[in-house]
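Below is one structure, written out as structure tokens; comments come after it.
Hydrogens, waters and symmetry mates are skipped; everything else that's a heavy atom, side chains included, is used.
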Amino acid sequence: MKYTKVSFNIEPNTPTAQEILTAQLAQFAFDSFEETETGLNAYIPTAAYSAEDVKSIQIFSGGEFTITFEAAAQPEQNWNETWEKHFFAPIVIGNKCVIHSPFHTDVPKAEYQIVISPKMAFGTGHHETTGLMVKHILEIDFTNKLVLDMGCGTGILGILAAMRGAKKVLGIDIEEWAFNNANENIKNNNINNMEVRCGDATLLGKEKFDVILANINRNILLEDIAKYTQVLRPNGILLLSGFYDKDQEIIHKTCIANNLIKKTIKEDNKWVALAYMLTK
Ligand SMILES: C[S@@+](CC[C@H](N)C(=O)[O-])C[C@H]1O[C@@H](n2cnc3c(N)ncnc32)[C@H](O)[C@@H]1O
């Protein structure tokens, strides 16, 4: 199949802007994305590409950020192979966890082996924030813990928590494609104690959790940290990521206001993942 690559420049190039843009592109049959220094590259079957559709996205951005783009038809190639080689090679995190796709044959050995079917959902382990969250998870005792994975994407973090002994994991994601992909990955990893729901923090109610994982973005976290703490047990752990180093302070202020104390910080290439504990 012939594909067209559309290279987007986003100004300012924030995780929130990338997420909004990706969600809008998904409505127009774009089916794979690659983060770049200045924005992202998105791929669409050439037969489905319309410059008019892409231009309309600039209007949807509501003036919070500006987008410019260039489109280039790609030569015919085996896309599964290209995807496999360039976008998702097996990755080992923290020397203990390997993430690979079902089509990889040469997979390094590790204590935790997670199979992720790369679709449109975020979470193959290649993004800094996922890697940082995985490293935090590898340091936490999950034995018999009740876990919430907010913004679960592919389900990667919840799946690892289940492999590390969690009693039950609930994954929540606002996107239907993530809901579907997380379910597929849960099945492929033979996890039988993780459930996924499609929605946001309004789904949270009486169920309480020992550990909450939330790799989303700065704005959603600022809005939802209070809701997470309402369902976190005393001494429970909240892991937060999806924001840059420069946003740590505002995230931290919100956490303090919600009786959370900072335990550990992990950083990689401007991205941060913070571990908090609920004091009351
Ligand atoms: C940065 S990705 C993280 C995916 C995966 N947990 C990981 O660590 O790789 C953020 C995910 O949050 C989801 N999301 C965005 N806003 C949300 C919200 N308000 N509530 C729940 N999920 C949300 C997105 O659809 C996306 O799958």
Side-chain angles (χ1 to χ4, degrees), residues 14-16 18-19 22-23 32-36 40 83-84 86-102 104 107-108 110-140 142 147-164 166 169 171-175 177-179 181-186 188-189 191 194 196 211-218 220-221 237-245 247-248 251 264-275:
T14 62
T16 310
Q18 286 189 7
E19 205 171 287
T22 312
S32 59
F33 304 97
E34 178 189 18
E35 205 180 303
T36 65
L40 56 91
W83 168 261
E84 209 175 311
H86 299 293
F87 301 111
F88 183 25
I91 182 167
V92 180
I93 301 177
N95 288 325
K96 275 187 160 184
C97 177
V98 63
I99 300 138
H100 65 94
S101 80
H104 287 131
V107 177
E111 189 175 347
Y112 303 101
Q113 186 164 333
I114 303 180
V115 184
I116 295 293
S117 250
K119 297 276 167 63
M120 278 181 23
F122 185 111
T124 57
H126 286 257
H127 195 270
E128 288 89 338
T129 57
T130 312
L132 292 169
M133 291 293 276
V134 165
K135 285 182 183 161
H136 270 297
I137 291 170
L138 290 171
E139 289 173 5
I140 294 174
F142 278 89
V147 178
L148 172 65
D149 180 3
M150 277 310 289
C152 64
T154 58
I156 185 169
L157 304 180
I159 289 171
L160 180 60
M163 288 179 172
R164 291 202 23 87
V169 183
I172 294 181
D173 202 288
I174 202 159
E175 298 293 351
W177 69 72
F179 168 81
N181 187 237
N183 274 316
E184 183 183 350
N185 293 323
I186 287 166
N188 287 343
N189 286 282
I191 302 295
M194 178 168 174
V196 189
V211 184
I212 299 179
L213 317 168
N215 176 14
I216 308 188
N217 65 47
R218 170 192 183 273
I220 299 287
L221 293 177
I237 303 285
L238 175 61
L239 295 186
L240 300 171
S241 193
F243 48 90
Y244 288 131
D245 189 19
D247 296 321
Q248 257 198 77
I251 296 275
T264 14
I265 306 173
K266 292 193 189 297
E267 291 169 288
D268 184 6
N269 189 24
K270 298 184 298 192
W271 295 95
V272 180
L274 304 172

Looking at side-chain heavy atoms only, is the closest gap between T14 and R218 below 4.5 Å?
no
Check whether more than 12 heavy atoms from other residues, nucleotides or ligands sit under 6.0 Å from atom CG of N95, and answer yes or no.
no
Could you go through Q113 and M163, starting from their C-alpha distance and side-chain angles, then the distance that decides it, and tell me whether this counts as side-chain contact (heavy atoms from CB on, under 4.5 Å)?
CA-CA 9 Å; Q113 186 164 333; M163 288 179 172; 5.9 Å; no
Is any side-chain heavy atom of V115 less than 4.5 Å from a side-chain heavy atom of H100?
yes
With respect to I116, which candidate in I91, I99, N188 satisfies the side chain to side chain contact (heavy atoms under 4.5 Å, CB included) definition?
I99
Should L239 and L274 be marked as a side-chain contact (heavy atoms from CB on, under 4.5 Å) after you check the CA-CA gap, both sets of side-chain angles, and the distance that decides it?
CA-CA 6 Å; L239 295 186; L274 304 172; over 6 Å; no
Scan side-chain atoms only and decide if N185 and N189 contain a donor-acceptor pair under the 3.5 Å cut-off.
no
Minimum side-chain heavy-atom gap I137-F142 below 4.5 Å:
yes
Please check this pair: side chain of R164 against backbone of I140, looking for a donor-acceptor N/O pair closer than 3.5 Å.
yes
Going through the checks in order, is the side-chain contact (heavy atoms from CB on, under 4.5 Å) test met by D173 and V196?
CA-CA 8 Å; D173 202 288; V196 189; 5.6 Å; no
Heavy-atom check, side chain of E111 versus side chain of L138, under 4.5 Å
no
Would you indicate whether the side-chain heavy atoms of Y112 and I159 approach each other to under 4.5 Å?
no
Of the non-hydrogen atoms in S241 and M133, which two are nearest, and what is the gap between them?
CB-SD, 3.6 Å
side-chain contact (heavy atoms from CB on, under 4.5 Å), that's the test. Do M194 and D149 meet it? Break it down for me.
CA-CA 10 Å; M194 178 168 174; D149 180 3; 4.2 Å; yes
A side-chain contact here means heavy atoms from C-beta on lying under 4.5 Å apart; do L132 and V272 qualify?
no
